[in-house]
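Residue numbers start from 1 in every chain, and the chains themselves are labelled A, B, ... in the order their sequence lines are given, proteins ahead of strands.
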Amino acid sequence: AQKITQTQPGMFVQEKEAVTLDCTYDTSDPSYGLFWYKQPSSGEMIFLIYQGSYDQQNATEGRYSLNFQKARKSANLVISASQLGDSAMYFCAMRERQGGSEKLVFGKGTKLTVNP
Amino acid sequence: DVKVTQSSRYLVKRTGEKVFLECVQDMDHENMFWYRQDPGLGLRLIYFSYDVKMKEKGDIPEGYSVSREKKERFSLILESASTNQTSMYLCASRLWDRDQPQHFGDGTRLSIL
């Protein structure tokens, strides 16, 4: 069963508008963390924002915020005031314990296109 | 600033060759990771290491091995390259603190002919 689900293969948004990218997760571990990464067409993976399962408040980083709904097991990324440079693939990931460390499990991504 | 360097941006090899992909980080991170990325499949973990000479299999280790002789360097080895290993390979590193993000290199686009 998929542990991270991103149901939107592609999304379109007008420049300066806000957009929400969906992410749902599945875990039985009471302590977990969720990450969002951006991957432009050049290929590098850029860390955007992190939410820990015990964090009381939703994470925010500049124009990025996380709409964390623990009971629904969702961690949606909200990008406010979209810019042309926001066009990229966006990946949601959850950390999972394995052996002596923690690994990340990634969703399949959402391709965001910002239109002028 | 954080820096993860992968030895090649593009690489073309032939079926049956032994292929080495190198990754170096300059942040004294304990954990290092190798992923492959294919269209529609996202990132899949091949191997990771949480200490020098330590390694753990990820989700798709078949056909690969790794080496971590020094803390800053993590090598991915394709023992006998096959065409189904044509892919984008991404290396990442992270501090021991599990709440810290992984930092990625720019990736190596590997083609096996």
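Contacts of B:R94 with chain A are made by side-chain atoms alone, with heavy-atom separations under 4.5 Å and no backbone atom involved. Residue contact with chain A, scored on non-hydrogen atoms closer than 4.5 Å, involves the backbone of B:Q100 exclusively. Interface residue B:L43: backbone and side-chain heavy atoms are both found under 4.5 Å from chain A. Contact annotation for B:R109: neither backbone nor side-chain heavy atoms come within less than 4.5 Å of a heavy atom of chain A.
Note that the CG atom of B:D38 and the NZ atom of A:K108 stand 11.5 Å from one another [nearest 0.5 Å]. Separating the OG atom in A:S53 from the CG atom in B:D99 is a distance of 8.5 Å, to the nearest 0.5 Å. Distance check: B:Q102 CD to A:F47 CZ gives 11.0 Å after rounding to the nearest 0.5 Å.
When each of B:G107, B:G105, B:G40 is checked for heavy-atom pairs under 4.5 Å with chain A, B:G40 comes out on top. Interface summary for chain A: among B:M54, B:Q37, B:R44, the most heavy-atom pairs under 4.5 angstrom belong to B:Q37. Of the listed residues (A:K103, A:E44, A:R95), the one with the most heavy-atom contacts under 4.5 Å to chain B is A:R95.
B:V24 and B:F104 fall into different hydrophobic clusters, where Ile, Leu, Val, Met, Phe, Trp and Tyr residues are linked whenever their side-chain heavy atoms come under 4.5 Å apart, directly or through other members. Under the 4.5 Å side-chain heavy-atom criterion for ILVMFWY residues, no single connected hydrophobic cluster contains both B:L45 and B:L110. The hydrophobic clustering, which links ILVMFWY residues whose side-chain heavy atoms are closer than 4.5 Å, places A:Y64 and A:L112 together. Note on A:Y54: it does not cluster hydrophobically with A:L66, by side-chain heavy-atom contacts below 4.5 Å among ILVMFWY residues. Note: the hydrophobic cluster containing B:L95 does not contain B:F74 (ILVMFWY, side chain heavy atoms under 4.5 Å, direct or indirect links).
Atom NZ of A:K70 is surrounded by more than 12 heavy atoms from other residues, nucleotides or ligands within 6.0 Å. More than 12 heavy-atom neighbours from other residues, nucleotides or ligands sit within 6.0 angstrom of NZ on B:K71. Enclosure of atom NZ in A:K73 by more than 12 non-hydrogen atoms of other residues, nucleotides or ligands within 6.0 angstrom is indicated. Annotation for A:Q14: atom CD counts as buried by contact number, over 12 foreign heavy atoms lying within 6.0 Å.
Pairing each heavy atom of A:S42 with each of B:R9, the nearest pair is O-NH2, 2.5 Å. What you find for B:P101 and A:F35 is that their closest heavy atoms are CA-CE2, 3.5 Å.
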field: Evaluation steps, side-chain contact (heavy atoms from CB on, under 4.5 Å), between A:L104 and B:Y35
entry: CA-CA 10 Å; A:L104 285 183; B:Y35 297 87; 3.8 Å; yes
